[in-house]
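Read through the structure below, which is laid out as structure tokens, and then see the notes.
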Amino acid sequence: MINIIGTWIAALLTLAIYSFLYKDNPFYKLAENIFVGVSAGYWAVVLWFDYAWPNLFEPLFKRGQWYNIFPIFIGLLMFAPLIPRISWMVRIPLTFTMGVAMAVSITQIVQGDIFPQLQATFLPLKGIPFFEAFSNFLIICGVISTLVYFYFSKEHKGALGLGAKIGIWFMMISFGASFGYTVMARVSLFIGRVYFLLHNWLGVI
Amino acid sequence: MKVFERLSRLDRRVIFLLVALAVIVPMVVPLNLPVDITKPVKRVYEMVESLPEGSVVLISTDYDPGSEAELYPATEAFIEHCFRRNLKIYLMGLWPAGSELGNIALNKIAQVYNKKYGEDFINIGYRPGGAVMLLSLGRNFGDVVKVDYQGIPVDSFPLGRKVKSAHDLALVMTFSAGDPGILHWIIYFHARYGVPICGATTAIMAPQQYPYLSSGQLVGLLGGLKGAAEYETLVNKRGRGLRGMDSQSIVHLLLVGFIALGNVILLYQRRRR
């Protein structure tokens, strides 16, 4: 029974959202506001039960991990800007967060992203089938010309200008591919909703 | 040309209606259009085929209901392939709703193949923390994963005792809709612990993954609903992916037609001026 009610609510809210394509109306506004409210409530529950309670409060209150007071205190300083006299204290948690994020990501991004990607552009052009060599040549050309486009210390004239222009072409082709995929993604989402309406709600297919 | 004048003033709601029809009609009356298999999808299939029976695959469902339409069909097809090959599955999610969606697919397919919880698969639920979580997971899997999604100690299951570190995993398959997701698995897990990574992403994210495919950091990729349809073809399962591809193809044709027509009208109007 609960599933049937859920399906009906989901179907009616879906139709309410799509009604915006005809024109703005109260049903759309209602569905939009419900979505915002439910999302906020959902995230509040997730943040409490998956982050704050198991990592901070449960160890503090149930296992006597008294030193958890410090992260709680530092976390509370995020609200310092609400009191102008101590607003400067927000720098403490911000600095801490930025420091940790940098420490975690810098080494791994160099090791796991920059170096392997750089290595992947050192490609052979000889002793391999023609099409593979041509494909490798395109990759090398694309990387170098795109990098040339982002070199701003010299005016883009002559050889540098030509390189930058080729770089623009590579980027345009890349944006085109991304846009094509974006269209496909949006259509897929619509297909998903139509499938839900026809299969789960109406049972036509 | 009066037709061009009229078309240039066409109410855009007519286009919405045509797109809706292009989606609904092929869904009600399937056309069964062929789906070509691309290399990145085939590589995922071949990777699963190459694993010995009993190997442990970690599936991370890093998406939410907003991307369910694109990633859920791929999740079902991949889980089915793993169970057919008698592989063991660890399910988790870097997104809170992801592990729930993965759990629905896992339980549905497990029933079909008579797979038992704790022996053939385990759901360790939502694992918050993104990059930090992945780094800890690789180093001390057993210390990080103490309980499953219901709070039951994983050590109480035979499969739970099998995985103690990243080296006990034969493959990671991430179904990813954003951050944290596939990029985190590549940079923070594969780079440090060397476990092979396959991925399924939303179509929007797919082009960004191609550099990782060509560098070998990513073994294979299912991009959007098309990737799911290709995988369903490979595992011989007619699911939501293949069902949606008829509509997708017709809508794409329609959109290409609209773009061509729009350009013809624009050229005509420019000439008249």
Give the member of [options] that has the highest number of heavy-atom pairs under 4.5 Å with chain A.
options: B/Ile204, B/Ile187, B/Leu183, B/Thr202; answer: B/Ile187
options: B/Gly125, B/Pro207, B/Ser215; answer: B/Pro207
options: B/Pro96, B/Gly216, B/Gly224; answer: B/Pro96

Is chain A contacted by the side chain of [X], its backbone, both, or neither, given a heavy-atom distance below 4.5 Å?
X: B/Arg13; answer: side chain
X: B/Arg12; answer: neither
X: B/Ala22; answer: neither
X: B/Phe16; answer: side chain
X: B/Leu135; answer: side chain
X: B/Arg243; answer: side chain

Are there residues of [range] whose heavy atoms fall under 4.5 Å of chain B's heavy atoms? If so, which?
range: residues 194-205 of chain A; value: A/Val194, A/Tyr195, A/Leu198, A/Ile205
range: residues 89-104 of chain A; value: A/Val104
range: residues 61-82 of chain A; value: none

Atom group of [X] that falls short of 4.5 Å from chain B, counting heavy atoms:
X: A/Ser105; value: both
X: A/Tyr42; value: side chain
X: A/Arg186; value: side chain

- Identify the heavy atoms of B/Ala203 and A/Met184 that sit nearest to each other, and give their distance. CB-CE, 3.9 Å
- Message: To check you understand the geometry: which heavy-atom pair defines the closest contact between B/Ser247 and A/Ile191, and what is its length?
- Response: CB-CD1, 3.9 Å
- Message: Just so I understand: if I count every heavy-atom pair under 4.5 Å between each of A/Phe179, A/Phe115, A/Tyr22 and chain B, which residue has the most?
- Response: A/Tyr22
- Could you tell me which of A/Asp113, A/Thr121, A/Thr182 has the largest number of non-hydrogen atom pairs under 4.5 Å with chain B? A/Asp113
Does [atom1] in [X] sit with more than 12 non-hydrogen atoms of other residues, nucleotides or ligands closer than 6.0 Å?
X: A/Phe152; atom1: CZ; answer: yes
X: A/Phe57; atom1: CZ; answer: yes
X: B/Gln150; atom1: CD; answer: yes
X: B/Phe258; atom1: CZ; answer: yes
X: A/Phe170; atom1: CZ; answer: yes
X: A/Trp8; atom1: CH2; answer: no
X: A/Phe190; atom1: CZ; answer: yes
X: A/Trp53; atom1: CH2; answer: yes

- Item | chain A neighbours within residues 24-38 of chain B, where any heavy atom lies under 4.5 Å away | B/Ile24, B/Met27, B/Val28
- Message: Quick check against the 3.5 Å criterion: does B/Glu70 have a side-chain atom that pairs as donor or acceptor with the backbone of A/Ser188?
- Response: no
- Taking B/Gln217 for its side chain and A/Gly112 for its backbone only, find out whether a donor-acceptor pair lies under 3.5 Å. yes
- Task: Could you tell me the separation between the CD1 atom of B/Ile15 and the CG atom of A/Leu21, rounded to the nearest 0.5 Å?
- Result: 12.0 Å
- Before giving the answer on side chain to side chain contact (heavy atoms under 4.5 Å, CB included), spell out for A/Gln117 and B/Tyr212 the whole-Å C-alpha distance, their side-chain angles and the decisive distance to 0.1 Å. CA-CA 7 Å; A/Gln117 284 301 308; B/Tyr212 298 102; 3.4 Å; yes
- Message: If you apply the rule side chain to side chain contact (heavy atoms under 4.5 Å, CB included), what do you find for B/Tyr188 with A/Ile109, and how did you get there?
- Response: CA-CA 8 Å; B/Tyr188 296 99; A/Ile109 285 175; 4.3 Å; yes
- Do A/Gln108 and B/Arg192 have side-chain atoms, one donor and one acceptor, less than 3.5 Å apart? yes
- Is the closest side-chain heavy-atom distance between A/Val46 and B/Tyr126 below 4.5 Å? yes
